[in-house]
Every structure is written in structure tokens, then in C-alpha cells.
Amino acid sequence: MAEARDKQSPQAAPSSTGYDPSVIEPKWQRYWEENKTFRAVRHPGRPKKYILDMFPYPSGAGLHVGHPEGYTATDIVARFERMRGTDVLHPMGWDAFGLPAEQHAIRTGTHPRTTTLKNIETFRRQLKMLGFSYDWDREIDTTDPGYVRWTQWIFLKLFEKGLAFQQSDMPVNWCPALGTVLANDEVTPDGRSEVGGFPVEKLKIRQWSLKITAYADRLLEGLEGLDWPETKAKQAHWIGRSEGATVDFEVKGHPGEKITVFTTRVDTLPGATYVVLAPEHPLALKIATPEHQAEVKKYADEASAKSDVVRSDVTRAKTGVPTGAFAINPVNGDEIPVWVGDYVIGSYGTGAVMAVPAHDERDHAFAVKYGLPIVRVVAKPDGTEVDVSKAAYCDDGVANEEAVRRSKAPIEKGMPSDRVRRVVTDWLASQGKGSARVTYRLRDWVFSRQRYWGEPIPIYFPVTTDQDPRKPGAKYTIHYDQPIPVDEKELPLLLPDLDDFKPGNDPAGPLARALDWRFFQKDGKWYARETNTMPQWAGSCWYYLRFLDPKNDKEPWSQEAYDAWMPVDLYVGGSEHAVLHLLYARFWHKVLFDLGLVKHEEPFQKLVHQGLILGEVEHIVFHEAIAVPGARAKREESGWVDAETGKRLFERRMRSSDLEERNGVFYLREADVPVLTTNDGEHFAFYAAGDTLVSAERAKERDDGSWEDTKTKKTLVPRKVTEADITKRGSVFVLSASPEIQVLSQAFKMSKSRGNVVNPDALIKSHGADALRLYEMFMGPLEAVKPWQTSGIEGVRRFLDRVWNVCTANVTDDPAAYDIETQRLVHKTVKKVTEDIQALRFNTAISAMMILVKHLGGLPKVPIQAARTLVLILSPFAPHIGEELWQRLHGVVGDAKMTLAYEPWPTFDPALVKDDVIEIGVQVNGKARASIQIPADADEETAKAAALENAKIKEMTAGKTIKKVIYVKGRILNLIVA
RNA sequence: GCCGAAGUGGCGGAAUGGUAGACGCAGCGGAUUCAAAAUCCGCCGGGAUCACUCCCGUGAGGGUUCGAGUCCCUCCUUCGGUACCA
């Protein structure tokens with residue numbers, strides 16, 4: 001660990017050259033700031049580019065190396081485009097509402113605004129240190145009243161259109177002990193809070209929702225024309241459109257009641273042998289016969305107590321109970337039993353399914369378990385019957401004899417499934433017993449949070465009371481069914497100041513306690529404000545529009561500003577936002593489009609996700625773990641140690657469900673050793689490394705970050721080893737000392753707890769911002785996941801040193817020094833870099849510049865034209881050294897007012913890019929045997945003649961006839977001989 | 001399970017179907033130096049060979065082609081997303 005940490009904070013690399021980033025970088029950052037070099041200005045008649053980064057949440061931890069990756073990519077494009085005469089809008093801001101600041105406030109009492117402003121300060125400083133060419137005059141902060149005002153304004157538009165509405169029975173995970181609503185993944189499978197292990201209840205509360213489902217089809221269709229990566233498929237999947245039909249089943253003995261099911265396989269309706277209702281289905285209890293009532297009730301109660309995580313575990317055996325009731329299959333009049341089962345999801349489709357065990361896996365498993373009939377109605381496409389005794393046949397096929405016999409709809413034997421679906425759907429429609437129907441997986445967007453640090457929802461409600469509702473103990477009724485929008489002129493509706501940010505014991509959230517804010521009087525009547533706030537996504541749904549016109553206090557943006565810059569031409573950000581942010585923003589944009597406020601259906605033309613940067617590769621061996629009683633664990637600065645032996649200990653947070661409780665003490669099951677239980681009710685197990693090593697192919701990381709032996713299921717303790725201790729054997733690394741032990745070589749996600757986080761500040765200090773930018777772009781393709789290598793940044797720093805040398809010492813303006821070979825290489829490099837930037841292939845652009853610099857370094861004198869061109873094409877990547885060298889190459893040193901930011905981008909001469917004489921490979925029978933030098937435009941005869949003069953080729957073809965010649969100009973000559 | 005992406009030296013990675021391994025890191029050798037660091041030059045997939053050179057080699061197996069890392073089929077592995085979605 002200690003070695004690793006040393007490696008991550010390298011000492012300043014001493015430089016033998018005059019290149020000192022710590023001097024020139026602040027100098028140019030100051031210059032750009034003072035001169036507002038990158039102010040976005042629109043010139044009539046010029047092309048424009050809106051180049052956008054996903055704006056960050058300003059966390060307390062500051063910038064990590066993942067931020068500069070995407071930001072450098074867009075900055076290179078922005079700087080490149082400016083030099084090509086394009087008007088560029090390249091803004092930055094802060095997505096500053098969010099949970100961490102609020103949690104910090106709860107712990108420390110510091111107001112979230114204070115924390116947020118401080119964090120923004122840090123982020124802004126760090127971004128400026130990296131030399132990004134943002135128009136800082138357009139900086140926005142989603143928590144700023146001038147911004148909140150318009151977020152609320154858009155909410156009111158949604159409300160007016162009926163797209164923002166309240167639902168009163170939204171189930172949430174409510175933890176009374178923590179006084180907060182929890183997300184599904186904050187709840188353990190046994191229904192306790194992940195933090196603290198307190199009981200969690202399902203509580204139905206009133207929530208605001210946005211009707212995103214009304215836009216499902218348009219959100220799906222809109223994806224088609226976009227230049228987006230695999231994200232399109234993710235969104236399509238998330239929307240989850242599926243075409244099918246609804247079918248109504250009458251319930252025997254309950255006239256007027258019907259069970260409506262949704263199915264995509266209505267062709268299998270004749271084979272439906274029972275119906276299953278979700279446990280929460282309203283009919284479940286209603287139709288259950290008296291003798292089954294109690295059982296159904298019990299089953300439904302148990303199901304609602306289970307956490308969503310447990311219910312959605314596919315591997316769990318299917319369960320269900322019969323209701324005793326029967327439904328009538330509309331296609332044949334059969335009476336089939338109605339069951340209740342929790343494999344049916346209440347919130348999808350209609351919450352009820354028709355079960356066709358012969359042709360659906362889940363129904364098959366259920367039918368086998370409960371002895372329900374299995375009826376085949378689909379045969380293979382060739383007409384042969386399928387065997388469904390072991391498993392269901394789920395593919396399409398053709399209708400069989402049975403399907404015809406059991407159907408009143410005009411199905412014919414041998415009719416393909418898709419045709420049967422149409423026939424049955426039409427027949428059902430004609431009988432009034434069903435219809436074609438499209439269902440979506442997409443749910444409406446729950447838009448309220450029971451939190452403080454968010455935009456207040458600008459809605460209030462009438463209050464019935466004869467007292468002052470702000471007085472303790474006052475009785476009143478809030479009429480939530482009569483929401484009233486806040487008048488636009490009163491926006492922004494700001495948050496009240498609080499001292500205590502705890503959620504409290506009221507699910508309405510902390511704002512409910514701000515009584516003076518919550519209740520107000522108008523025309524002698526009392527009203528109550530909405531105490532829920534908007535989710536963190538709200539501000540990011542439209543920030544790209546505010547950047548157009550960030551200081552406008554008359555409207556969210558002007559149409560002139562919109563016309564000048566929209567749509568966004570390039571949008572770069574992490575793929576973690578592939579679905580939620582990007583779907584929500586598209587949704588709002590479409591609503592704004594319908595309101596006539598924006599002119600494009602889609603906001604983001606081209607989208608790119610930068611790949612995650614992982615920590616440095618670690619080599620790990622595993623030891624068998626020896627559990628140590630919790631009482632012996634002692635906390636020291638470096639971590640936990642065994643108070644008795646002084647050995648280093650590994651901690652593992654345990655769930656109470658994984659432990660055994662005896663007399664109030666929790667014991668580890670695997671070793672019968674007591675764990676450490678904290679006052680908060682958290683349990684920690686401790687392990688020391690045993691002497692026995694376990695080969696890495698048996699080690700598997702658990703969800704909690706600990707390691708498990710897949711064979712024995714016992715815990716393993718990891719230990720880092722160095723590269724010197726390991727050897728490659730076949731495709732794996734093994735311990736040199738004991739080759740039977742495999743070593744795990746892996747790069748892990750950077751995390752504080754793993755201690756592999758790389759700090760950009762330290763790297764800027766040691767190597768310079770230009771080196772950091774360059775290295776992050778040189779690591780590999782922008783979209784790839786890449787491991788960090790601190791030694792790699794030293795490599796690009798050496799490159800920058802060479803650039804400095806080449807451009808400062810020994811430069812000549814003697815035209816004779818600019819030899820043709822150098823000219824050719826310069827032009828080739830310009831071509832390569834130009835094309836690579838446009839395709840976002842920054843790694844290969846940099847490698848091309850490295851080749852040029854190497855060549856220039858070998859010249860007796862460096863021609864100034866070559867040096868200037870190099871500086872221009874390098875400057876988008878490494879702008880500080882670019883500006884400084886540009887100045888020096890014009891004989892200016894110091895503070896002269898000149899910048900290369902708008903210098904024309906170098907062009908290349910196609911004639912110089914093409915070589916006159918080239919080397920091509922010569923193959924004999926498809927195998928490379930030699931290479932020859934020939935004129936680039938040589939014809940086949942010339943090439944063949946040249947090849948046959950080559951001694952090697954002469955020998956290979958001696959005494960054989962050349963049957964065929966394949967010649968690809970400039971590429972290859974292949975001689976087929978026999 | 002389904003959807004998507006990817007498997008190339010010790011490592012990060014290059015290669016419009018045309019001489020696989022550009023560029024960088026690490027390593028090795030040399031120059032420079034009293035010495036070291038830094039810098040510069042060279043070598044650097046595996047095997048055979050004194051050498052010239054030859055053979056093998058892009059996760060595995062098949063195929064298309066004069067020619068396949070690249071295209072097609074089957075499979076394996078890794079990563080990301082997602083799931084009793086009827």
C-alpha cells in the first residue's frame with residue numbers, strides 16, 4: 001500500500017530544458033481570463049458549433065481524473081473549431097442540488113448552500129488550472145435563484161399541460177428510525193436499511209409524477225436520427241415498447257367483473273389453462289372463495305412485505321395460491337382456475353396474466369409445481385408437435401389441431417403464429433373481449449423528493465382551518481386534491497432557511513417543519529405550500545438551454561440566442577447518464593417543442609461517452625482468512641490491527657442476516673467468532689491473513705468488496721505483490737516463488753476505500769496541466785475503459801520537453817533548412833491530426849505529432865515553418881505550451897498581447913502528403929516475402945518487374961510459372977505461382 | 001436469460017480486407033558523466049539458427065478470399081446495461 005501511494009504522488013520531474021509548466025500555465029490562464037479569449041460570439045455567416053460537457057455535481061472530493069478526460073476531448077474540438085473559423089459555444093456550470101451536500105448539512109449543521117458554494121469554488125479553480133477554453137461568463141449554477149426561477153417556470157408549464165400530476169398511493173420505502181425515504185437499493189433483502197439495519201416499511205404517500213409515458217413513442221422514434229452510440233439501444237430497452245393485446249376474462253359467479261390480461265402471445269390463448277393475478281391485484285380478494293380468503297390475504301400481505309430486490313430474484317422458486325374462483329377463457333368458453341402469484345408484477349401491463357404453460361417458461365414452471373394442465377397449441381414451423389413435458393416451447397411456429405379445436409376464432413391448422421395473433425385479436429375485438437394494445441416498460445417519472453436541498457415545487461393548496469395553522473397543535477386540513485400553481489411573477493419560490501435539515505418523522509420532508517414558509521394567508525384564507533422538492537435531475541433537464549442566454553431575467557432564453565447556437569453539436573459525458581438524464585432531458589425538450597419554445601425535436605445531435613478511467617493495475621494474491629474476534633480489533637491510522645498480535649486486519653461490513661445472534665452478541669457463521677457491533681448497529685467482521693495461499697482463479701469479489709473462495713465459500717484476504725514477484729505463465733500471471741498460485745492482475749474502479757484514487761491537482765503540480773491533458777488523451781480511445789499508469793504521464797511529459805527543445809533552440813528561418821522530407825512529414829502530420837480530431841481519435845493524433853517531433857529533433861536546424869505548424873496543431877491538446885511557444889517563435893517573450901486561439905488551422909498540400917516512391921510488400925502465394933521500392937503510381941508491369949529483380953522473389957519464383965498477379969496500387973503485390 | 005461492447009507483446013494500445021505490433025510505458029545494451037540523475041542512440045512477440053534466414057503467432061474452432069486482427073458461422077472469456085416485462 002505504501003509503495004503504491006508513493007507512486008501516485010510523484011515528485012516534480014526535473015527538466016533539463018527551459019520548459020516549466022508551473023510558470024507558463026498560470027501565465028496563460030491569466031491571459032485568457034483577462035482578455036476573455038473564449039467568449040462565445042456569433043458572427044453572421046460563419047458556421048457554429050455548440051460543444052457541451054455534462055456539467056458536474058460539485059462534490060466535496062473535488063475533481064478526479066475522470067472529469068478531465070471528457071472535458072479535454074471537448075476542449076480540443078472547441079479549440080480546433082475556433083482555429084478553423086467556427087463560432088464556438090463551449091460553456092461550463094454546476095449541477096449543484098443533490099444529496100451529499102444535504103447529508104453533510106444533516107451531520108454538521110452547515111447549510112447546504114455554504115457547502116455547495118465552497119465546492120463550486122474548488123471545482124472552478126481546478127478546471128481553470130487545466131486550461132479549458134470555457135466561456136466563463138456563461139457559468140451557471142442550478143441552485144442559483146436566477147436559475148431555479150426558470151426550472152420552476154418550466155414545471156408550471158408541465159403542470160398547465162397536465163403533464164405534472166399527483167398520485168396519492170405511491171409506495172415508498174420509509175425508514176422511521178432514519179426518518180427518511182430510501183431508494184430500493186438502500187434496502188437490504190430482509191427489509192432493513194442498508195445503513196444501520198433498521199426496519200423499513202412500505203408506505204403509500206402522495207407524490208408528484210411527470211407523465212413521461214405520454215411521450216414514450218416519440219422518445220423511441222426520436223432516437224432514430226441521432227448520432228449516438230449504444231445508448232440508443234439502452235433507451236429503447238428502457239422504454240420497452242411491446243406490442244400485443246389485452247384479453248378480458250369473465251369471472252364465473254361474479255357478473256360484471258372481468259380480469260383483463262396483457263399478452264404478446266395472444267396466438268396461444270387457446271392453450272391458456274389458468275390465470276394469475278399479482279398479489280396486489282384489486283380483484284384477488286374480491287373473487288377469492290370464502291374457503292380461500294384467508295390464504296389469499298396472507299399471501300398478499302407476505303408479498304407486500306418482501307423487498308423489491310427479493311421479489312425480482314428470478315432464481316427464486318415460483319409460488320402462488322389458488323383463489324378458488326374460475327375465469328372463462330373467451331376464445332373457447334373453458335372455465336380455468338384463477339391463482340395469485342408474486343411472479344406477476346402489479347405495475348406492469350394489467351397486473352394479471354393468462355398462463356400458457358406449454359409456451360411460456362414461467363407458466364410452465366408454475367404449472368408443473370402446482371399440477372396445472374399443459375396444453376400445446378403451437379407446433380414447430382414444419383408442423384411437427386413439440387415436447388413440452390420438460391420445458392415450454394416459446395418460439396413462434398404454426399397452429400396445431402388442438403389450437404383449432406379449442407378456438408372459436410377462425411384459426412386454421414398450420415397457420416403461422418403471427419397470422420394467428422391477428423386472427424385472434426380481430427375475433428376478440430369483434431366480440432368486445434379484447435383489442436390490440438401497446439404496453440411500455442417505462443413508468444411515469446416520480447418527481448418529488450422528501451428532502452430539503454432541491455427546487456421547491458411551486459404549488460400550494462387550500463387549507464381548511466379556523467386557527468392559525470402555524471401554531472403548535474393547530475388543527476387543519478390541507479386539500480391536496482386542489483393544487484394551485486404559484487403565479488409566474490412570484491418565481492423563484494426560494495427555500496426557507498433551516499437550522500435542522502434532518503428529514504424528521506414526517507414523510508412530507510423537512511420543509512414541513514418550516515411552518516412560516518409553509519403556511520401563508522391570501523385574501524383572508526390559509527394556504528399550504530408543497531413541501532416536497534424536485535429531484536436532482538430537474539436542473540440538468542434544461543441547463544444546455546440556459547447556457548444560450550444565462551443572464552436573461554425576462555425569459556429562460558431568447559429565441560435569438562436559441563437560433564444562434566442550437567442544437568448541441570457534440571455532447572460528451574459518462575455513460576452512467578445514458579438512460580436517466582438523457583431520457584429526462586429529451587422528454588423536457590419535446591414538451592418545450594410542443595409549447596413552441598424550442599425548434600428542434602431533439603437537443604443533442606452527437607453524443608459520446610468517455611470511458612471510465614480505472615486505477616493502476618494491481619497484482620493480488622489471496623490468503624486463507626483467519627477470523628479474529630471483533631473485540632481484538634484496534635483502529636490505527638493505517639487501518640485495523642489485531643491488538644494481540646499486531647497483525648494487519650481486514651474489515652468486512654456484515655448484514656445482521658448473515659450473522660448468528662446469541663445472547664445479544666453476533667457471531668460469524670463461518671468461524672463462530674464474535675463480530676464488532678457499533679453503536680449504530682453496524683456489524684464488522686475482522687480477518688487476518690493466514691499462511692495458506694489460494695490461487696486467484698478461485699477468488700471472487702463479493703458485493704461488499706470482500707473476497708470469497710468459490711470452492712469453500714470461505715473469506716479470503718487479499719495481499720498486493722509487485723511485478724517483480726510474478727511471472728507470466730500461459731495466459732495468466734503466477735507467483736514466481738510458487739508457480740501453482742495464480743495472481744489476480746486487475747485494474748479496479750478508483751475509490752477512496754481502495755486507496756487508488758489519482759489526484760489531478762498533484763499531477764498538475766508535478767507534470768503540468770498540458771501533460772495531464774495529453775496523457776489522458778493518449779491513453780487510448782476516448783470511449784474505452786482504461787487503467788491509469790502514472791509512468792505513462794512521464795512519457796508525454798518527456799514529449800513536451802522535446803517539443804520545447806525543438807521549438808526554442810536551434811530554430812532557423814532559412815528556407816533552405818526546410819527540406820522536402822521535413823515538408824512532407826509536416827503536411828502528413830497536419831492531415832493526420834486534422835482528421836483524427838474530427839473523428840475524436842486523439843491518441844493516434846498525438847502519436848503522429850510524436851513522430852514529427854522526433855524527426856525535427858534529429859535535424860541540424862529546425863525550420864521555423866515546421867515549428868510554427870507543430871505548435872498550432874499541438875495547441876488544442878496542450879494549449880499553454882502552445883501559446884508560449886507561439887509567442888517565442890514570433891520573437892516575443894513576456895506579456896505581449898497575442899494568442900494563437902484564433903490563428904488559422906494549418907492546411908496540408910495533398911501533393912506533399914503523397915510519397916513519390918513507396919515501399920510495398922510482395923507476397924508469393926499470399927505470404928509476405930519481401931518489400932520493394934517503386935514509384936507510387938507504378939503500374940502492374942512495373943511493379944512486377946521490380947519484384948522479380950528482388951533476389952528473394954527471384955529465388956521463390958525460379959522455375960515456376962506465374963499464374964496470376966494481384967496488384968493493389970500503393971498496397972501490395974501478390975504473385976501466385978505453381 | 002436477453003441486449004450491447006470488447007478479447008492483439010511484460011503493460012496501455014496501432015493497423016480503408018493488403019508486410020501485425022505505429023506511438024508510448026517498462027526492460028536490456030551503448031554514448032555522455034569522476035559517478036549518478038537527466039538526456040541522446042540502439043534492441044525489444046515466441047521458437048529454430050553462428051549467420052543469411054526460416055517456422056509459428058491477434059481468445060478457440062470452422063468458413064469466405066490471391067490475401068483475414070479486420071468479413072461470415074459456432075463457441076469461450078471479460079466488461080457494461082437490463083430482467084419473473086407476460
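Just the heavy atoms: all of them, side chains too, but no hydrogens, waters or symmetry mates, feed the values below. Chain A is the first sequence line, chain B the second, and so forth, proteins listed ahead of strands; every chain is numbered from 1.
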field: Base-pairing mate for B:U58 - Watson-Crick or G-U, with both contacts under 3.5 Å
entry: none
field: Identity of whatever pairs with B:G10 - Watson-Crick or G-U, under 3.5 angstrom
entry: B:C25
Expressed as a whole number of Å, how far does the [atom1] atom of [N] sit from that of [M]?
N: B:A68; M: B:G13; atom1: P; result: 26 Å
N: B:C73; M: B:G24; atom1: C1'; result: 37 Å
N: B:U78; M: B:C84; atom1: C1'; result: 27 Å
N: B:U33; M: B:A22; atom1: P; result: 32 Å
N: B:U19; M: B:G57; atom1: C1'; result: 15 Å
N: B:C40; M: B:G67; atom1: C1'; result: 41 Å
N: B:C25; M: B:C43; atom1: P; result: 15 Å
N: B:C79; M: B:G47; atom1: P; result: 31 Å

Under 4.0 Å, heavy atoms only, any strand: does [X] hit a base, just the sugar-phosphate, or nothing?
X: A:E230; answer: sugar-phosphate
X: A:I851; answer: sugar-phosphate
X: A:G240; answer: nothing
X: A:V968; answer: base
X: A:P229; answer: nothing
X: A:T439; answer: nothing
X: A:D363; answer: nothing
X: A:E783; answer: nothing
X: A:I976; answer: sugar-phosphate
X: A:S931; answer: base

- prompt: Nearest nucleotide by nearest heavy atom, which residue falls closer to the 5' end of RNA chain B, A:A233 or A:Q923?
  reply: A:A233
On the side chain of [X], is there an atom forming a donor-acceptor pair with the base of [N] - under 3.5 Å, no angle test?
X: A:K234; N: B:C3; value: no
X: A:R971; N: B:U16; value: yes
X: A:E361; N: B:G1; value: no

- prompt: Is B:G29 in the syn or the anti form, by the rule that syn lies within 90° of 0?
  reply: anti
Between [X] and [N], is there a side-chain N or O to OP1/OP2 distance below 4.0 Å?
X: A:K952; N: B:C54; answer: yes
X: A:R362; N: B:C85; answer: yes
X: A:R798; N: B:C25; answer: yes
X: A:Y348; N: B:A86; answer: yes
X: A:K232; N: B:A5; answer: no
X: A:R802; N: B:A38; answer: no
X: A:S791; N: B:G24; answer: no

- prompt: With a 3.5 Å cut-off and no angle check, do the side chains of A:T268 and A:H359 form a donor-acceptor pair?
  reply: no
query: A:T844 and A:D836: side-chain donor and acceptor closer than 3.5 Å?
result: yes
query: Of the nucleotides B:C23, B:C85, B:A14, which one has an atom closest to the side chain of A:T844?
result: B:A14
- prompt: Does a side-chain heavy-atom distance below 4.5 Å link A:V338 with A:I259?
  reply: yes
- prompt: Are A:E616 and A:P787 side-chain neighbours, meaning at least one heavy-atom pair lies under 4.5 Å?
  reply: no
- prompt: In terms of side-chain geometry, is the basic nitrogen of A:R798 or A:E794 positioned less than 4.0 Å from the acidic oxygen of its partner?
  reply: no
query: Looking only at heavy atoms, which two atoms of A:S745 and A:F733 are closest? And how far apart?
result: OG-CD1, 3.6 Å
Nearest-Å distance for atom pair OH/C1', residues A:Y775 and B:G24: 9 Å
